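The shown structure was predicted, so the numbers you read here are calculated from the model rather than taken from an experiment. Residue numbers start at 1 and run along the sequence shown. Note: hydrogens, waters and symmetry copies are ignored here, and every other heavy atom, side chains too, is used. Atoms within a ligand are numbered from 1 in the order they appear, just like the ligands themselves.
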Amino acid sequence: MPAYLIKGGSPLHGELPVHGAKNAALPVLAAALLCDQAVIHNCPRLTDVEAARNILHYLGCATAQQDDTVTVRFTGGGDHRIPDRLMRAMRSSIVFLGAVIGRYGMAEVSMPGGCELGPRPIDMHLAALRRLGVHIDESGGVLRCTTPNGLCGARITLPFPSVGATENVLLAACTARGETELCNAAREPEITDLIDFLNDSGARIRVASDGTVLVTGVAGLSGCRHEVIPDRIAAATYLCAAAVTGGSVTLTHTRPDHLAAVLPVFEEAGCALTCRDDVIALQAPPRLRSVGTVRTMPYPGFSTDAQSTMLSMAALASGTSVFIETIFESRYKQVGELLRMGANVKVEGRVAVVEGVPELRGAEMNCTDLRGGAALAVAALAARGESLLNQIHHIGRGYETFDENLRKLGAQVTLV
Ligand code: UD1
């Protein structure tokens, strides 16, 4: 099994372009199913993107990838059923549901079940799709969806601004009959990116000033050329890696505005930040200060995906930091591994109290999930001695050429 051997202690320095956002690319790939043809630029080379392409092949699309450009062409002859093994290959495969229903008027997919972040309910997705005229039969872990009267626009209010449910509503509603009004929709930049892709492909979607999303159904989508937004979570991860090692890094191809709730936390910790256009430069202090209290929230709040790497940073800061995770139940799984390095972290339900220690020691650790794995790598980069990080396939789901990028910044990381 591949692993990373990380020799900690080298401050990271240098410049790095940030790849396209996984959480934007996957829904855009799902949306491409609704189009005749789509060309998607800045698509990150990740195992989750490969999994999405495999699903598209099954659904009747031909795809090709050259560098960071993926072309998707609907050729027909596909199936409206996604096999269980393909659904399981990717945590966010449920985002295909709305697109399959939009394309075929029916869908059959297995329930996503649990994942490394805890149970993954999809009740909001299903309730919203039912409002659009989808009949859903749930039995034996399989969802069988039909639309006896076609998809029909409706007024929907989400009980929580779920990213996945918002994406599924957008995908199903854009070719439904009539108008859909979606209240309390998610506002993540990845949602805006999906809306931009759909509108450029021929959809009619508008976001009102109060955040309500208004969709006027159209007969079909032709497709477009689209550039995926930069990955704000990868950017936050590399900033954490530079900060925790006492280094300085300049990230290019980023969107500082997408990190508006995350960047002030680096300043709280004593880092100097300079942002202009698509560049973020960070200079770390000799010793980080506590990050205070970090509460994860739906966008524009502090992203749950940036919490794990920030916690690694807090583990080495002077003073006490408190994390409150409001989005996912099991988002501190990596903490047990961090303790092996000598971190002082206490987790009680959704709260983690981090007493910063002056030094972490290298250890052998297992990645527990995507962001947790990146968080362990961040800690190992700053630890004294060597760490062996196993189960790194989790990291490959969300970070393009992770070890190579770290080496570019001067880290001593070897793939073994
Ligand atoms: C979430 C994050 C998103 C992140 C993504 C990838 C939020 C609000 N969402 O999106 O920023 O990029 O993970 O890691 O930060 N829920 C239900 N029923 C449902 C759907 C969701 O109870 O039908 C609950 C979930 O269990 C969770 C919360 O709502 O506690 C947020 O879920 P949702 O936004 O849908 O998750 P993702 O789409 O995975």
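- The shortest N/O to N/O separation between S162 and ligand 1 falls below 3.5 Å.
- Listed by number with element, the atoms of ligand 1 under 4.0 angstrom from any heavy atom of I122 are 19 (C), 23 (O).
- In terms of N/O distances under 3.5 Å, ligand 1 is not approached by A165.
- Other residues, nucleotides and ligands place more than 12 heavy atoms under 6.0 Å from the CZ atom of R407.
- Contacts of D123 with ligand 1, taken as heavy-atom pairs under 4.0 Å, involve both backbone and side chain.
- Checked by distance only, ligand 1 and P298 stay at 3.5 Å or farther apart across all their nitrogen or oxygen atoms.
- Contacts between N23 and ligand 1, counted as non-hydrogen atom pairs separated by less than 4.0 Å, involve the side chain only.
- With a 4.0 Å cut-off on non-hydrogen atoms, D305 touches ligand 1 through its side chain and not its backbone.
- E179 and T216 are linked by a side-chain donor-acceptor pair at a separation below 3.5 angstrom, with hydrogens and angles left out of the test.
- Heavy-atom contacts of G164 reach the following atoms of ligand 1: 35 (O), 38 (O) (cutoff under 4.0 Å).
- The closest side-chain donor-acceptor pair between H253 and D278, if any, does not fall under 3.5 angstrom.
- Counting heavy atoms only, F160 comes closest to atom 28 (C) of ligand 1 of the residues F160, F328, F302.
- By the 4.0 Å N-to-carboxylate-O rule, E400 lies close enough to R45 to be salt-bridged with it.
- Under 4.0 Å from ligand 1, not a single heavy atom of Y299 appears.
- For the pair P161 and ligand 1, the shortest N or O to N or O distance does not fall below 3.5 Å.
- Looking at E190 against ligand 1, nothing comes within 4.0 Å, counting heavy atoms.
- With atom 15 (O) of ligand 1 as the reference point, the heavy atom nearest to it among T326, T304, T166, L26 is part of T304.
- Considering all non-hydrogen atoms of both residues, G342 and L360 come closest at C-CD2, 3.8 Å.
- Taking the charged nitrogens against the carboxylate oxygens, R130 and E138 do have a contact shorter than 4.0 Å, which makes a salt bridge.
- The side-chain tip of R295 does not point at the ring of F323 from less than 6.0 angstrom away and within 45° of straight on.
- A donor and an acceptor atom, one from each side chain of E325 and T304, are located under 3.5 Å apart.
- The residues D369 and R397 are annotated as not salt-bridged, no charged nitrogen and carboxylate oxygen being separated by less than 4.0 angstrom.
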